[in-house]
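Down below is the structure, laid out as C-alpha coordinates.
Just so it is clear, the model here is predicted, and its values are computed rather than measured.
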Amino acid sequence: MAITETAYAKINLALHVRRRREDGYHELETVFAFVDRGDVLRATPSPRDRLTTVGEFGGALTDPFDNIVMRALGALPRFEGMDIALEKNLPVAAGLGGGSADAGAIFRMVEMSHGLPDDWRERAAKLGADVPACVESRTCIGRGTGTELEPADDSLSGTPVLLVNPRVPLSTGPVFQHWDGEDRGALPEGDVRTVALEGRNDLEAPAISLCPQVAGVLAALHGTSPFLARMSGSGATCFALFETETARDEGAASIAAEHPGWWQMKGKLR
(Lines give C-alpha, C1' and ligand atoms only; values in the text may rest on other atoms or scores of the structure.)
Protein backbone atom coordinates (compact mmCIF):
# COMPACT_ATOMS: atom_id res chain seq x y z
CA MET A 1 0.00 0.00 0.00
CA ALA A 2 1.34 3.43 -0.96
CA ILE A 3 1.75 6.13 1.71
CA THR A 4 1.96 9.82 0.87
CA GLU A 5 3.20 12.40 3.34
CA THR A 6 4.07 16.11 3.19
CA ALA A 7 7.42 17.27 4.55
CA TYR A 8 6.15 20.53 6.05
CA ALA A 9 8.39 23.57 5.64
CA LYS A 10 9.88 24.64 8.97
CA ILE A 11 10.27 28.27 9.94
CA ASN A 12 11.76 29.84 13.06
CA LEU A 13 9.36 32.51 14.31
CA ALA A 14 12.17 33.60 16.64
CA LEU A 15 15.74 32.34 17.01
CA HIS A 16 17.86 33.53 19.91
CA VAL A 17 21.50 32.41 20.01
CA ARG A 18 22.66 32.49 23.64
CA ARG A 19 26.21 31.18 23.62
CA ARG A 20 28.72 28.91 21.93
CA ARG A 21 29.05 25.63 23.81
CA GLU A 22 32.25 23.78 24.61
CA ASP A 23 31.24 21.02 22.19
CA GLY A 24 31.25 23.55 19.34
CA TYR A 25 27.48 23.78 19.01
CA HIS A 26 25.43 26.82 19.97
CA GLU A 27 22.91 27.13 22.78
CA LEU A 28 19.63 28.19 21.19
CA GLU A 29 16.12 29.24 22.11
CA THR A 30 13.73 29.10 19.18
CA VAL A 31 10.08 28.88 18.24
CA PHE A 32 9.54 26.25 15.57
CA ALA A 33 6.46 26.61 13.38
CA PHE A 34 5.41 24.71 10.28
CA VAL A 35 3.76 25.70 7.03
CA ASP A 36 1.07 23.43 5.59
CA ARG A 37 3.09 22.94 2.38
CA GLY A 38 6.50 21.55 1.51
CA ASP A 39 8.12 18.56 -0.14
CA VAL A 40 5.94 15.53 -0.92
CA LEU A 41 7.06 11.95 -0.31
CA ARG A 42 5.39 8.79 -1.57
CA ALA A 43 6.43 5.37 -0.26
CA THR A 44 5.67 1.88 -1.52
CA PRO A 45 6.89 -1.45 -0.10
CA SER A 46 10.14 -2.68 -1.64
CA PRO A 47 12.70 -5.45 -1.10
CA ARG A 48 15.25 -2.72 -0.35
CA ASP A 49 15.30 0.98 0.41
CA ARG A 50 15.36 3.17 -2.68
CA LEU A 51 15.05 6.90 -3.34
CA THR A 52 14.19 8.82 -6.50
CA THR A 53 13.85 12.60 -6.60
CA VAL A 54 11.78 14.85 -8.83
CA GLY A 55 10.55 18.42 -8.57
CA GLU A 56 12.12 21.83 -9.02
CA PHE A 57 14.95 21.19 -6.56
CA GLY A 58 15.27 17.44 -7.03
CA GLY A 59 18.54 17.87 -8.89
CA ALA A 60 20.19 19.33 -5.78
CA LEU A 61 20.29 15.85 -4.21
CA THR A 62 23.15 14.48 -6.26
CA ASP A 63 23.92 11.37 -4.19
CA PRO A 64 20.96 8.96 -3.85
CA PHE A 65 22.62 7.19 -0.91
CA ASP A 66 24.39 9.89 1.11
CA ASN A 67 21.43 12.08 2.04
CA ILE A 68 19.24 12.53 5.08
CA VAL A 69 16.27 10.60 3.63
CA MET A 70 18.34 7.44 3.24
CA ARG A 71 19.97 8.00 6.63
CA ALA A 72 16.51 8.34 8.20
CA LEU A 73 15.44 5.07 6.62
CA GLY A 74 18.62 3.43 7.90
CA ALA A 75 17.98 4.71 11.42
CA LEU A 76 14.64 2.92 11.79
CA PRO A 77 14.08 -0.85 12.13
CA ARG A 78 11.60 -2.34 9.65
CA PHE A 79 10.73 -5.76 8.29
CA GLU A 80 10.76 -4.56 4.66
CA GLY A 81 12.25 -1.81 2.55
CA MET A 82 10.62 1.37 1.28
CA ASP A 83 10.76 2.80 -2.23
CA ILE A 84 10.58 6.59 -1.74
CA ALA A 85 9.67 9.09 -4.45
CA LEU A 86 10.58 12.58 -3.23
CA GLU A 87 9.07 15.65 -4.89
CA LYS A 88 11.54 18.32 -3.84
CA ASN A 89 9.62 21.61 -3.75
CA LEU A 90 11.68 23.38 -1.08
CA PRO A 91 15.04 24.96 -1.93
CA VAL A 92 18.15 23.43 -0.37
CA ALA A 93 20.25 25.28 2.26
CA ALA A 94 17.42 27.75 2.67
CA GLY A 95 16.58 27.94 6.40
CA LEU A 96 13.41 25.88 5.94
CA GLY A 97 14.72 22.62 7.37
CA GLY A 98 13.99 20.95 4.03
CA GLY A 99 16.19 17.93 4.63
CA SER A 100 15.07 17.70 8.25
CA ALA A 101 11.45 17.97 7.13
CA ASP A 102 12.00 15.12 4.68
CA ALA A 103 13.50 13.02 7.47
CA GLY A 104 10.56 13.91 9.71
CA ALA A 105 8.17 12.74 7.03
CA ILE A 106 10.06 9.44 6.78
CA PHE A 107 9.63 8.92 10.54
CA ARG A 108 5.87 9.52 10.23
CA MET A 109 5.62 7.15 7.25
CA VAL A 110 7.52 4.43 9.07
CA GLU A 111 5.30 4.98 12.11
CA MET A 112 2.20 4.41 9.96
CA SER A 113 3.54 1.27 8.30
CA HIS A 114 5.80 -0.32 10.91
CA GLY A 115 5.67 1.70 14.11
CA LEU A 116 8.53 3.63 15.72
CA PRO A 117 10.97 2.40 18.39
CA ASP A 118 10.68 3.93 21.85
CA ASP A 119 13.94 5.84 21.37
CA TRP A 120 12.88 7.48 18.11
CA ARG A 121 13.59 10.98 19.45
CA GLU A 122 17.22 10.10 20.10
CA ARG A 123 17.50 8.52 16.65
CA ALA A 124 15.98 11.64 15.08
CA ALA A 125 18.32 13.99 16.96
CA LYS A 126 21.36 12.12 15.61
CA LEU A 127 20.24 13.04 12.10
CA GLY A 128 20.03 16.77 12.84
CA ALA A 129 18.99 19.26 15.49
CA ASP A 130 15.75 20.17 13.66
CA VAL A 131 14.64 16.61 12.96
CA PRO A 132 12.81 15.84 16.25
CA ALA A 133 10.67 18.97 15.82
CA CYS A 134 10.08 18.13 12.15
CA VAL A 135 8.81 14.64 13.02
CA GLU A 136 5.88 16.15 14.90
CA SER A 137 5.69 19.30 12.72
CA ARG A 138 3.74 21.27 15.30
CA THR A 139 4.55 24.64 16.84
CA CYS A 140 6.92 24.17 19.76
CA ILE A 141 9.79 25.75 21.68
CA GLY A 142 13.27 24.35 21.06
CA ARG A 143 16.16 24.75 23.48
CA GLY A 144 19.69 23.45 23.74
CA THR A 145 20.78 22.77 20.18
CA GLY A 146 17.10 22.74 19.23
CA THR A 147 16.41 19.14 20.24
CA GLU A 148 15.00 19.89 23.71
CA LEU A 149 11.36 20.51 22.83
CA GLU A 150 8.56 22.07 24.84
CA PRO A 151 4.90 22.30 23.77
CA ALA A 152 3.59 25.67 22.66
CA ASP A 153 0.14 27.10 22.06
CA ASP A 154 -1.48 27.31 18.64
CA SER A 155 -2.32 31.03 18.73
CA LEU A 156 -0.90 31.47 15.21
CA SER A 157 -2.39 28.30 13.70
CA GLY A 158 -4.06 29.07 10.39
CA THR A 159 -2.14 32.31 9.90
CA PRO A 160 -1.48 33.06 6.21
CA VAL A 161 2.26 32.94 5.47
CA LEU A 162 4.45 33.79 2.49
CA LEU A 163 7.93 32.30 2.04
CA VAL A 164 10.44 34.03 -0.24
CA ASN A 165 13.97 32.98 -1.17
CA PRO A 166 16.33 34.83 -3.54
CA ARG A 167 17.53 31.48 -4.93
CA VAL A 168 20.87 31.82 -3.20
CA PRO A 169 21.93 28.85 -1.03
CA LEU A 170 23.29 29.75 2.40
CA SER A 171 24.95 27.06 4.50
CA THR A 172 24.31 27.03 8.23
CA GLY A 173 27.94 26.63 9.37
CA PRO A 174 29.35 29.88 7.95
CA VAL A 175 26.37 31.86 9.26
CA PHE A 176 26.94 30.64 12.82
CA GLN A 177 30.67 31.33 12.44
CA HIS A 178 29.85 34.97 11.64
CA TRP A 179 27.60 35.40 14.70
CA ASP A 180 29.18 38.09 16.92
CA GLY A 181 28.92 36.05 20.11
CA GLU A 182 26.75 38.57 21.97
CA ASP A 183 23.93 37.16 24.11
CA ARG A 184 20.99 39.49 23.52
CA GLY A 185 18.69 37.73 25.95
CA ALA A 186 16.15 34.96 26.26
CA LEU A 187 12.88 34.45 24.43
CA PRO A 188 10.15 36.74 25.78
CA GLU A 189 7.27 35.37 27.82
CA GLY A 190 3.73 34.98 26.49
CA ASP A 191 1.81 33.11 23.85
CA VAL A 192 3.44 32.23 20.53
CA ARG A 193 2.14 35.34 18.78
CA THR A 194 3.65 37.56 21.48
CA VAL A 195 6.95 35.68 21.49
CA ALA A 196 7.18 35.92 17.71
CA LEU A 197 6.43 39.65 17.62
CA GLU A 198 8.78 40.52 20.48
CA GLY A 199 11.49 38.03 19.57
CA ARG A 200 14.22 38.22 16.94
CA ASN A 201 16.52 36.14 14.76
CA ASP A 202 20.10 36.60 15.91
CA LEU A 203 21.39 35.08 12.67
CA GLU A 204 19.89 37.74 10.40
CA ALA A 205 22.89 40.08 10.62
CA PRO A 206 25.55 37.42 9.95
CA ALA A 207 23.42 35.96 7.16
CA ILE A 208 23.09 39.36 5.50
CA SER A 209 26.85 39.88 5.76
CA LEU A 210 27.32 36.67 3.74
CA CYS A 211 24.27 37.06 1.50
CA PRO A 212 23.19 40.70 1.04
CA GLN A 213 20.16 39.54 -0.96
CA VAL A 214 18.50 38.59 2.35
CA ALA A 215 18.18 42.28 3.21
CA GLY A 216 16.44 42.86 -0.13
CA VAL A 217 13.98 40.05 0.52
CA LEU A 218 13.19 41.40 3.98
CA ALA A 219 12.67 44.89 2.60
CA ALA A 220 10.31 43.55 -0.07
CA LEU A 221 8.33 41.58 2.51
CA HIS A 222 8.05 44.55 4.87
CA GLY A 223 6.69 46.50 1.91
CA THR A 224 3.67 44.17 1.74
CA SER A 225 2.46 45.29 5.23
CA PRO A 226 2.54 41.96 7.11
CA PHE A 227 2.27 41.92 10.87
CA LEU A 228 5.64 40.13 11.00
CA ALA A 229 8.49 39.62 8.52
CA ARG A 230 11.71 37.85 9.48
CA MET A 231 14.42 35.57 8.17
CA SER A 232 13.96 31.86 8.98
CA GLY A 233 16.73 29.82 10.55
CA SER A 234 20.11 30.64 9.05
CA GLY A 235 18.48 31.94 5.82
CA ALA A 236 18.28 32.85 3.08
CA THR A 237 14.50 32.23 3.10
CA CYS A 238 12.42 34.91 4.79
CA PHE A 239 8.76 34.75 5.79
CA ALA A 240 5.90 37.16 6.27
CA LEU A 241 2.76 36.59 8.35
CA PHE A 242 -0.50 38.27 7.36
CA GLU A 243 -3.89 38.81 8.95
CA THR A 244 -5.75 37.63 5.82
CA GLU A 245 -5.17 35.41 2.81
CA THR A 246 -6.07 38.32 0.54
CA ALA A 247 -3.27 40.45 1.99
CA ARG A 248 -0.84 37.54 1.61
CA ASP A 249 -1.82 36.88 -1.99
CA GLU A 250 -1.57 40.56 -2.91
CA GLY A 251 1.86 40.71 -1.31
CA ALA A 252 2.98 37.61 -3.18
CA ALA A 253 1.78 39.05 -6.48
CA SER A 254 3.58 42.35 -5.95
CA ILE A 255 6.86 40.63 -5.06
CA ALA A 256 6.57 38.28 -8.04
CA ALA A 257 6.07 41.26 -10.32
CA GLU A 258 9.11 43.12 -8.96
CA HIS A 259 11.36 40.08 -8.48
CA PRO A 260 10.26 37.38 -10.93
CA GLY A 261 13.37 35.30 -10.28
CA TRP A 262 12.76 34.81 -6.58
CA TRP A 263 11.24 31.58 -5.28
CA GLN A 264 8.11 31.84 -3.19
CA MET A 265 5.53 29.60 -1.54
CA LYS A 266 2.16 30.52 -0.04
CA GLY A 267 0.50 28.61 2.77
CA LYS A 268 -0.81 28.72 6.31
CA LEU A 269 0.79 27.88 9.63
CA ARG A 270 -0.28 24.49 10.94
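By the side-chain contact (heavy atoms from CB on, under 4.5 Å) test, Leu187 pairs with Ala14, His16, Glu29, Val31, Ile141, Val195, sequence neighbours left out. Residues passing the side chain to side chain donor-acceptor pair (under 3.5 Å) test with Ser232, sequence neighbours excluded: none. Residues forming a side chain to side chain donor-acceptor pair (under 3.5 Å) with Glu243 (at least two apart in sequence, or on another chain): Arg193. For Asp153, the side-chain contact (heavy atoms from CB on, under 4.5 Å) partners two or more places apart in sequence, or in a different chain, are Ser155, Asp191, Val192.
Considering all non-hydrogen atoms of both residues, Thr139 and Phe34 come closest at N-CD1, 4.4 Å. Nearest heavy atoms, Arg230 versus Leu13: NH1-O, 2.5 Å. Considering all non-hydrogen atoms of both residues, Pro117 and Pro77 come closest at CG-CD, 4.0 Å. Annotation for Ile68 and Gly99: closest pair CG2-O, 3.2 Å, computed over non-hydrogen atoms. Of all heavy-atom pairs between Pro206 and Val175, the closest is CB-O, 3.5 Å.
Here Glu245 pairs with Lys268 in a salt bridge; the nearest charged N to carboxylate O distance falls below 4.0 Å. Salt-bridge check for Arg270 with Asp36: failed, with every basic side-chain N at 4.0 Å or more from each acidic carboxylate O.
Here the side chains of Glu204 and Val214 are not in contact, with every heavy-atom distance at 4.5 Å or above. Met82 places none of its side-chain heavy atoms less than 4.5 Å from the side chain of Ser46. A heavy-atom distance below 4.5 Å is found between the side chains of Asp49 and Arg78. Looking at heavy atoms from C-beta onward, Arg108 lies out of side-chain contact with Ile3 at the 4.5 angstrom threshold. Counting heavy atoms from C-beta outward, Val110 and Trp120 have side chains that stay 4.5 Å or more apart.
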Show me the donor-acceptor pairs within less than 3.5 Å that the side chains of residues 50-59 make with the rest of the protein, sequence neighbours left out.
unit_1	atom_1	unit_2	atom_2	d
Arg50	NH1	Asp83	OD2	3.2
Thr53	OG1	Gly58	O	3.2
Glu56	OE2	Arg167	NH1	2.7
Glu56	OE2	Arg167	NH2	2.9

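Atom CZ of Arg18 has more than 12 heavy atoms from other residues, nucleotides or ligands within 6.0 Å. The 12-atom threshold is not exceeded at OH of Tyr25, counting heavy atoms of other residues, nucleotides or ligands nearer than 6.0 Å. Residue Glu182 places its CD atom among more than 12 non-hydrogen atoms of other residues, nucleotides or ligands, all under 6.0 Å distant.
Applying the salt bridge (charged side-chain N to carboxylate O under 4.0 Å, His left out) test to residues at least two apart or on different chains, the pairs with a partner in residues 172-181 are Asp180-Arg184.
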